[in-house]
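Remarks on the structure that follows.
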Amino acid sequence: MSKSLKIETIDELLEKASVYIPEEENIKLIKEAYDFADLKHKGQFRKSGEGYIIHPLNVALILTTIYSDTQTIMAGLLHDVLEDCDCTREEMEEKFGREVTNLVYGVTKLGRINFSTENEYLIEYYKKIIVGMSEDVRVIIVKLADRLHNMRTLWALPEEKQKKIAKETEEILAPIAHHLGIHKIKSELEDLSLRYLKPDVFYDIAERLNKTKIERDNNVQEMLQNVTELLTEHNIPHEIKGRAKSIYSIYNKLDKGKKFSDIFDLLALRILVDTEQECYLVLGIIHSKFKPIPKRFKDYVAMPKPNMYQSLHTTVFGIDGCLFEIQIRTYHMDEIAENGIASHWAYKENRDAVANLQNTTEQKLQFFKSIIELNEDKMSSEEFVNSVKNEVLNNNIYCFTPKGDIIELPKDATPIDFAYKVHTRVGETMIGALVNNAIVPLDYKLKNNDIVKINTNKNSKGPSKEWLNIVKSTQARNKIKAFFTKSEKEVYLERGKEALEKELRRRKIAFSDFFNNTNTSKIKEELHLDNNDDIYLQIGNGKYSASTIVNVIYKREEDKIIIKKAPPKVTFNEADIVVDGIDKVKVNLANCCNPLPGDEIIGYISKGNGISVHRRTCHNLEYLDNRIVPVHWNSLTNDKYLTIILIHTSTRDYKLLDILQKVNVFDVNIESFRTIPRVETTIYEVNMYVKSLEHLSNIIKELDKLEYVTKIERAIR
Ligand code: MN
């Protein structure tokens with residue numbers, strides 16, 4: 001066991017922090033926090049024999065590895081001062097201000113655990129963590145760093161305590177780090193937990209890794225060189241890393257019944273490039289040289305995981321038939337994969353990085369919020385523990401909406417769970433579901449990667465009580481229960497509030513910034529409403545859309561339509577479409593048929609969402625009648641528009657590189673692509689931004705020249 005021989009110093013901390021914190025006054029603040037903590041902890045020692053200050057100092061050092069901001073580092077240094085020393089909240093607030101003190105107080109709250117039985121203990125713990133998170137996510141980040149250092153020095157404690165802390169780390173803190181996307185901390189927490197929980201397994205794996213290390217290293221080196229040469233040939237600037245698999249991840253695979261040899265033969269590489277397009281290009285190049293294993297390709301670039309992780313994954317037969325697991329991502333994606341939510345500090349494009357961070361947290365961690373909202377006294381202790389265990393820890397599946405948005409659900413979830421996760425309204429009006437284009441019963445058990453389309457009917461009478469026996473997620477269960485216990489007015493109120501919150505999140509506006517007295521008075525005056533509840537009510541019953549309400553305050557947004565997932569350079573401009581006889585109207589391009597300039601188009605007046613523009617040939621227009629309006633393209637447009645083409649080929653050979661290279665010659669932005677293997681042929685779906693129908697026709701003409709291409713068509717959904 002390795003005790004750290006090196007003693008960390010404050011100078012080291014200041015040096016690491018100043019790498020990414022340029023302001024001298026901030027570095028000075030960190031030094032002051034250290035001096036204060038040092039003074040307060042004087043005479044205290046850790047179980048390991050070191051002076052106590054070594055612990056907060058290390059916590060702060062860990063925080064610099066994930067680029068935490070000044071206040072978080074200060075809180076890391078001060079985190080045990082309120083609890084263990086003679087120092088009041090007031091004293092700290094006077095010296096370091098409210099923000100830092102609140103963070104320290106939050107961490108202290110998390111640490112005070114009173115419990116009698118294991119269950120109750122878990123409940124209290126989770127609740128505190130969740131509450132802490134909803135107040136300020138940085139509290140949790142300090143807690144994670146605190147725990148990581150405690151785990152690193154766990155050897156100093158008696159065995160019984162080691163096991164207890166390790167178990168809690170494995171069950172609670174590592175999953176939270178995972179949910180926040182802080183892979184660096186998650187992975188070390190897991191390895192350290194395993195070392196104390198199952199030392200025999202841990203050292204067995206470590207030893208086997210050591211024994212085969214040289215051979216594996218050689219193979220990785222050789223492959224690395226090969227790939228480097230290949231990419232250099234194609235002029236793609238890149239960086240490649242051999243990747244160490246964590247002991248815990250190997251243990252996990254063994255636990256799932258895999259054989260030692262299968263896992264150890266699997267070698268890992270990570271390729272970093274500058275742009276998203278290069279990711280796909282690199283993938284194409286690698287697949288053209290090394291045979292990929294079918295079905296192992298995962299595109300988390302086009303479809304990020306809920307914790308923001310983005311990367312392409314593929315497994316190929318490398319040199320000497322060794323299997324290589326290859327990850328391809330941009331430097332930015334890599335930063336997010338390692339540091340998760342914390343990496344936002346490293347990319348301070350926004351003035352208010354913390355508000356932005358909090359906003360992202362809200363968006364990404366809806367689950368935590370919904371748990372706390374729902375659990376308040378409605379659930380028994382046991383239900384609460386089970387729901388947390390089922391939903392936070394492991395066992396989640398990932399399904400897709402028809403538009404490709406990821407929905408995370410507990411194992412065995414049904415289409416009803418899916419519908420409620422998308423939106424309460426969708427759940428309450430659902431009448432059926434299609435999974436991968438086939439009709440399924442409502443109790444169908446969803447599987448990973450299922451594409452789920454929920455059919456709704458506005459006139460539906462709402463959920464059935466039967467559903468309570470079918471659903472798997474706490475969220476759906478509680479929403480259904482709530483439906484039956486609430487009056488219509490309450491339902492509308494809740495719906496309205498939910499819709500407004502969602503709209504604000506979408507526009508990255510903090511709820512508290514929006515819903516203040518000045519703004520609500522203005523809204524009430526403008527729309528002639530009596531009280532604040534009325535605002536929610538009018539949204540909930542459909543009289544006003546949430547965006548209309550937000551627009552009363554933030555008018556500018558109205559002029560701009562954001563096409564989802566569009567690369568930043570290519571936003572659709574309303575002026576691109578002219579609607580006869582109407583000057584200023586909200587217009588959007590239908591995403592079923594993705595019209596391009598040059599296409600014959602037609603407008604359809606959608607309820608509350610302006611005019612959506614379809615291609616004249618779009619089959620979705622068949623049922624639409626009196627709400628059709630003539631529209632045409634503005635001849636001056638100079639934007640790029642999303643188009644989806646399907647390229648049918650006559651071979652199962654991987655031709656993607658070929659295709660992408662042909663396409664790349666034309667000035668397009670490729671957003672994503674998909675390979676659809678058939679029995680003896682392959683179809684490639686390419687999503688890209690082009691200027692016009694003519695532009696697209698030229699590309700299609702060029703692709704048509706490839707002898708294996710049998711047909712090219714534009715997709716209509
Ligand atoms: Mn501590």
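In listed order, ligands and their atoms are each counted from 1. Only a predicted model underlies this, so the values are computations on that prediction, with no experimental measurement involved.
Scored by the side-chain contact (heavy atoms from CB on, under 4.5 Å) test, S18 finds I27 as partners (sequence neighbours excluded).
A donor-acceptor pair shorter than 3.5 Å cannot be found between the side chains of E190 and Y251. Inspection of the Y105 and R98 side chains reveals no N or O donor paired with an N or O acceptor under 3.5 Å.
Here the two rings, on H79 and H149, have centers that are 6.0 Å apart or farther.
Sorted by chain and number, the protein atoms of type N, O or S within less than 2.8 Å of the Mn ion (ligand 1) are H55 NE2, H79 NE2, D80 OD2, D146 OD1.
No side-chain heavy atom of I165 sits under 4.5 Å from any side-chain heavy atom of N150.
None of K167, K163, Q162, K161 except one satisfies the side chain to side chain contact (heavy atoms under 4.5 Å, CB included) rule with Y196; the exception is Q162.
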